[in-house]
Amino acid sequence: MGKNIKQVEVLAAKSVWPIPKKFVNLLTGQSLVAIDRIGKLLIFSLSDKKNYLLVHLKMTGQLIYAINHKLVAGGHSLSAQSLIGYVGGELPNRSTRVYLIFSDKSHLFFNDQRRFGYLKIVDQASLAVIKAKYGIEPLTPNFTKSNFFLAIKGRTKNIKALLLDQSLISGLGNIYADEALFAAGIRPARRASSLSKAEIERLYGVIEGLIRRAIKARGTTFNNYLDAQGNKGGFVVKLAVYGRSKELCLKCQGPIKKIKVAGRGTHFCPNCQK
DNA sequence: CCTTGTGTTCTCCG
DNA sequence: CCGGAGAACACAAG
């Protein structure tokens, strides 16, 4: 934080907004003064006190901070997860889409194998519009039981789609939606409007603990992901249903099923989840 | 063919 | 015809 951005290299035009020439002009000479987050969106405040650098990692995005091209920090430990991991080697590499060079010669690389993620520069007004689209978020003061009920009330879509809808509840992705529904004993395809008061309370009750444990375990990862301390993500070993199709349920020993709900791979226990 | 998060587009309903 | 909800599609690449 606070280091002057001497140079900005855009290797993939479509990974940035606005167009690379403007993007580079807006960023060069500035510094990143603070980092914030809403849902799965990272928000860096810029030193001009006017603009913000938004970073969305989507599925495979990573921010890698390097000094002398020696990796000192990698990936992210927020609610999203990385399907690829940084395993060392040359930077920039074939997955590098953008990188910043700071005045002290350190580098910040944005790597993104599948190019879904992006870096975007917006002003305060645009940021406010974007922030307004996010619903209540676990671990924040707004995530109260009554707000949770309000978010579900009157919704006819299935409960899994609702959990994934960032405008209602922000921060949950496909893995944690499945895990939360398992922990609460609710079938993913159930219409939200069919949930009893007790079921909604159970669901509310499990979400914060789930997110807390995930953060504590440094996120969910599948490969050789390294965090800022060089540790691997660990939550993957504690997943109860996600990725465990045909394996045995940890509660009842029955087989975990995999179906498609809301267009996404969905894992659940037909016996434990009603 | 599958995988994901989210923006866009389409369709339905009142 | 309008607005909202929700579903479907698009995107990228391994």
Side-chain angles (χ1 to χ4, degrees), chain A residues 10-18 37-43 54-63 75-76 78-87 93-98 110-120 122 126-127 129-138 150-181 188-195 211 214 219-225 233 235-236 239 241-246 256-268:
Chain A
V10 178
L11 306 180
K14 286 172 76 176
S15 295
V16 303
W17 192 92
R37 176 190 59 76
I38 182 164
K40 300 160 192 165
L41 186 69
L42 300 175
I43 305 167
L54 308 183
V55 179
H56 204 303
L57 302 168
K58 292 289 179 90
M59 293 167 64
T60 57
Q62 299 179 294
L63 288 176
H76 48 93
L78 299 166
S79 59
Q81 60 283 328
S82 183
L83 297 181
I84 59 166
Y86 185 72
V87 293
N93 62 27
R94 57 200 304 273
S95 294
T96 303
R97 309 304 171 202
V98 182
F110 173 63
N111 278 19
D112 186 20
Q113 186 181 48
R114 297 189 190 179
R115 302 179 199 237
F116 266 29
Y118 58 81
L119 306 192
K120 183 173 181 176
V122 298
S126 305
L127 177 62
V129 171
I130 291 166
K131 278 188 170 180
K133 290 178 185 165
Y134 283 86
I136 57 171
E137 177 165 327
L150 281 176
I152 292 180
K153 195 183 170 193
R155 301 282 157 183
T156 58
K157 61 177 163 188
N158 62 62
I159 187 63
K160 167 143 181 184
L162 191 147
L163 290 179
L164 292 174
D165 186 337
Q166 303 296 299
S167 72
L168 296 173
I169 295 159
S170 66
L172 293 181
N174 199 37
I175 295 173
Y176 299 128
D178 281 3
E179 293 297 314
L181 288 167
R190 287 268 303 280
R191 278 191 174 224
S193 55
S194 77
L195 298 201
I211 295 297
T220 301
T221 54
F222 297 94
N223 294 338
N224 294 318
Y225 161 93
F235 198 72
V236 70
L239 296 179
V241 284
Y242 186 90
R244 298 193 65 244
S245 179
K246 294 176 185 169
I256 300 298
K257 272 191 95 172
K258 181 176 180 186
I259 59 174
K260 191 154 279 215
V261 175
R264 295 293 170 238
T266 298
H267 315 70
F268 73 108

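From a predicted model like this one, the values you see are computed outputs, not experimental measurements.
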S.K.: Does OP1 or OP2 of B:dT6 have a side-chain N or O of A:K58 closer than 4.0 Å?
M.R.: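 Checking B:dT6 against A:K58, no side-chain N or O comes under 4.0 Å of OP1 or OP2.
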S.K.: Rounded off to whole Å, could you give me the CG-to-P distance for the A:L172 and B:dT6 pair?
M.R.: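 About 11 Å, once rounded to whole Å.
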S.K.: B:dG5 C1' sits how many Å from A:I38 CD1, rounded?
M.R.: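 Atom-to-atom, A:I38 to B:dG5, this comes out as 16 Å.
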S.K.: Roughly how far, to the nearest 0.5 Å, is CZ of A:R97 from CZ of A:R115?
M.R.: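 A:R115 atom CZ to A:R97 atom CZ measures 4.0 Å (nearest 0.5 Å).
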S.K.: Quick check for you: to the nearest 0.5 Å, what is the distance between A:E137 atom CD and A:I38 atom CD1?
M.R.: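 Output value for this atom pair is 6.5 Å.
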S.K.: With heavy-atom distances below 4.5 Å as the criterion, would you say the side chains of A:L181 and A:K160 are in contact?
M.R.: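 SC-SC contact between A:L181 and A:K160 confirmed.
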S.K.: Could you tell me whether the phosphate oxygens of B:dG5, OP1 or OP2, come under 4.0 Å of any side-chain nitrogen or oxygen in A:H56?
M.R.: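 Checking A:H56 against B:dG5: no side-chain N or O falls below 4.0 Å of OP1 or OP2.
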S.K.: In whole Å, what is the span from the CD1 atom of A:I169 to the P atom of B:dT6?
M.R.: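 In whole Å, B:dT6 P and A:I169 CD1 are 14 Å from each other.
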S.K.: Taking NZ from A:K157 and C1' from B:dT11, how many angstroms apart are they, rounded to a whole number?
M.R.: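 Going from A:K157 (NZ) to B:dT11 (C1'), I get 15 Å.
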S.K.: Where the side chain of A:Q166 meets the backbone of A:L172, is there a donor-acceptor pair that is under 3.5 Å apart?
M.R.: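 Answer holds: yes.
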S.K.: In whole angstroms, how far is the C1' atom of B:dG5 from the CG atom of A:L57?
M.R.: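 Answer to the nearest Å: 11 Å.
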S.K.: Quick one: does A:W17's side chain get under 4.5 Å of A:L54's, heavy atoms only?
M.R.: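 SC-SC contact between A:W17 and A:L54 ruled out.
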S.K.: Check whether any side-chain nitrogen or oxygen of A:K258 sits under 4.0 Å from OP1 or OP2 of B:dT3, and answer yes or no.
M.R.: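 Checking A:K258 against B:dT3: at least one side-chain N or O falls below 4.0 Å of OP1 or OP2.
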S.K.: Between the protein and nucleotides 9-14 of chain C, list every N/O to N/O distance that falls short of 3.5 Å.
M.R.:
from, atom 1, to, atom 2, distance (Å)
C:dA12, OP1, A:K14, NZ, 2.4
C:dA12, O4', A:R114, O, 3.2
C:dA13, OP1, A:R115, NE, 2.3
C:dA13, OP1, A:R115, NH2, 3.4

S.K.: For a quick check of understanding: with a heavy-atom distance under 4.0 Å over all strands, which category does A:K260 fall into, base, sugar-phosphate or nothing?
M.R.: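 Answer is sugar-phosphate: A:K260 comes under 4.0 Å of backbone atoms only.
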S.K.: Round to a whole Å and report the spacing from CG of A:D165 to C1' of C:dA8.
M.R.: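 From A:D165 CG to C:dA8 C1': 15 Å.
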S.K.: What distance separates A:L239 CG from A:H267 NE2, expressed to the nearest 0.5 Å?
M.R.: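 Nearest 0.5 Å value for the CG-NE2 distance: 9.5 Å.
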S.K.: Among B:dT3, C:dA7, C:dA5, which nucleotide has an atom closest to any side-chain atom of A:Y242?
M.R.: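 So the nucleotide nearest the side chain must be B:dT3.
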S.K.: Measure the distance from CG on A:L54 to P on B:dG7 and round it to the nearest whole Å.
M.R.: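 In whole Å, B:dG7 P lies 11 Å from A:L54 CG.
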S.K.: Please step through salt bridge (Lys or Arg N to Asp or Glu O under 4.0 Å) for the pair A:K157 and A:D165, ending with a clear verdict.
M.R.: CA-CA 10 Å; A:K157 61 177 163 188; A:D165 186 337; 2.8 Å; yes
S.K.: Roughly how many Å is it from CG in A:L164 to P in B:dT3, rounded to a whole number?
M.R.: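 About 14 Å, once rounded to whole Å.
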